[in-house]
There are 2 protein chains.
Amino acid sequence: MREQAPAIEAWISLLRGQSAAVGAVNAQLVADHGLTVNDFECMLLLARAEERRLRRVDLAEQLILTASGVTRLLDGLEKEGWVDRAACASDRRVTYAVLTDEGLAKLREASKTHVADLRAFFEARYTSEELEQLAGLLGRLHADAPELDCSVD
Amino acid sequence: MREQAPAIEAWISLLRGQSAAVGAVNAQLVADHGLTVNDFECMLLLARAEERRLRRVDLAEQLILTASGVTRLLDGLEKEGWVDRAACASDRRVTYAVLTDEGLAKLREASKTHVADLRAFFEARYTSEELEQLAGLLGRLHADAPELDCSVD
DNA sequence: GCGATACAATTGACTACGCAAGCAATAGTA
DNA sequence: TACTATTGCTTGCGTAGTCAATTGTATCGC
């Protein structure tokens, strides 16, 4: 029952580490700005996007949420006036989520402390080399996992 | 608005990577055994504990859940007969969570595929050296973060 | 042009948590 | 002994997310 494979160690560290980190960072962000981590990331993606807008489906993919999760996330941001809707001329099924000027202002304001908090949190634990290592390693988790879900052998 | 600090890169990778990994692994575990990742980890902690039992408070700390989260997690496991309650002789406030024989059997059965899935998932992406690196790095996230929450300067 | 199929988005019902409040038992203090 | 904290646990309520079903629009084969 006692496990030893490095994969298992990594898995446990991932579960615990992410919970701890997200818990701390999110609490700070909520306390300081009334935004959750996903609110922030969502607005950030919009801010970086062409014309400050994205299809909901693309937002879902990048945030790793389902379509309905995005609908509900955006509901909240729309209520606050930080995000608005816009129709797509070439495909009437899609509704863009657009970051408003207020949303951009809010994002900029929140960024000031949030980015500093993030850097403080990570730089207290890692050197910049280690941060690059970590980012590189974690990035691979996102990629396809043929082994896991298509066991056709 | 566009960010470049390695800390931010690491943060994004952590958010996305964990979501992707937990999503995949959890879906597999639920499909194969009707257990969530937390169900599994909880039973695993109990299995490894002295007399296969733990105080709910200790379980909460290790799983990074609140006390109420643990109560509800255990509710489900108790309903299935995998976990039972036991009083503590020396302190009548505490109720132990005890892994039953059925629970241990269920855990062993689930372990067979789950551990293999985990190894497949991670070993498809990393060498064993990288896994050790990753586990070591992630482990630091869990430690105290004096910088973040006591900004007394 | 027309049906079958696919896709974007929303909605209702549900789950898994957290937080705050409350209860019971213990520990500290006088 | 009594009075006050503190601790372990549970419960009501709120929130963030999922899944399954639905609607409206596109697109493909013919």
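A note on names: the letters A, B, ... follow the listed sequences, proteins ahead of strands, and every chain is numbered from 1.
Residue pairs meeting the salt bridge (Lys or Arg N to Asp or Glu O under 4.0 Å) criterion with at least one partner in residues 59-78 of chain B, sequence neighbours excluded, are B/Arg56-B/Glu78, B/Glu78-B/Arg85. Pairs of residues two or more places apart, or lying in two chains, that qualify as ring-ring contact (aromatic ring centres under 6.0 Å, His included) and include a residue from residues 100-119 of chain B are B/Phe40-B/His114.
In this structure, CZ of B/Arg56 is placed 15 Å from C1' of D/dT7, rounded to the nearest angstrom. We find that CZ of B/Arg55 is positioned 9 Å from C1' of D/dT7, with the value rounded to whole Å. Spacing between atom CG of B/Asn26 and atom C1' of C/dT15 amounts to 12 Å, rounded to whole angstrom units. Protein atom CG of B/Leu63 is 14 Å distant from nucleotide atom P of C/dA16, rounded to whole Å. In this entry the distance linking CD of B/Glu61 with P of D/dG8 reads 11 Å, nearest Å.
Using a 4.5 Å cut-off on side-chain heavy atoms (C-beta onward), A/Leu74 and A/Cys42 make contact.
Here the closest heavy-atom approach between residue A/Leu131 and residue A/Glu123 is recorded as CD1-CG, 4.1 Å.
Shown here are the side-chain hydrogen bond (donor to acceptor under 3.5 Å, both in side chains) partners of B/Trp11, two or more places apart in sequence or in another chain: A/Glu41. B/Ser19 meets the side-chain hydrogen bond (donor to acceptor under 3.5 Å, both in side chains) test with no other residue; sequence neighbours excluded.
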List every contact pair, protein side and nucleotides 21-27 of chain C side both N or O, where the distance is under 3.5 Å.
from: C/dT26; atom 1: OP1; to: B/Arg92; atom 2: N; distance (Å): 3.0

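A cation-pi arrangement is present between B/Arg125 and B/Phe121 under the rule of less than 6.0 angstrom and at most 45 degrees off the ring axis.
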Worksheet item: Could you go step by step and tell me if B/Arg52 and B/Asp101 meet the salt bridge (Lys or Arg N to Asp or Glu O under 4.0 Å) rule?
Response: CA-CA 10 Å; B/Arg52 279 165 29 193; B/Asp101 292 343; 2.6 Å; yes

Discussion item. Protein within reach of the bases, or only the backbone? For nucleotides 11-20 of chain D, mark each nucleotide 5' to 3' as B, S or -, using heavy atoms under 4.0 Å.
Written reply: BBB---SBB-

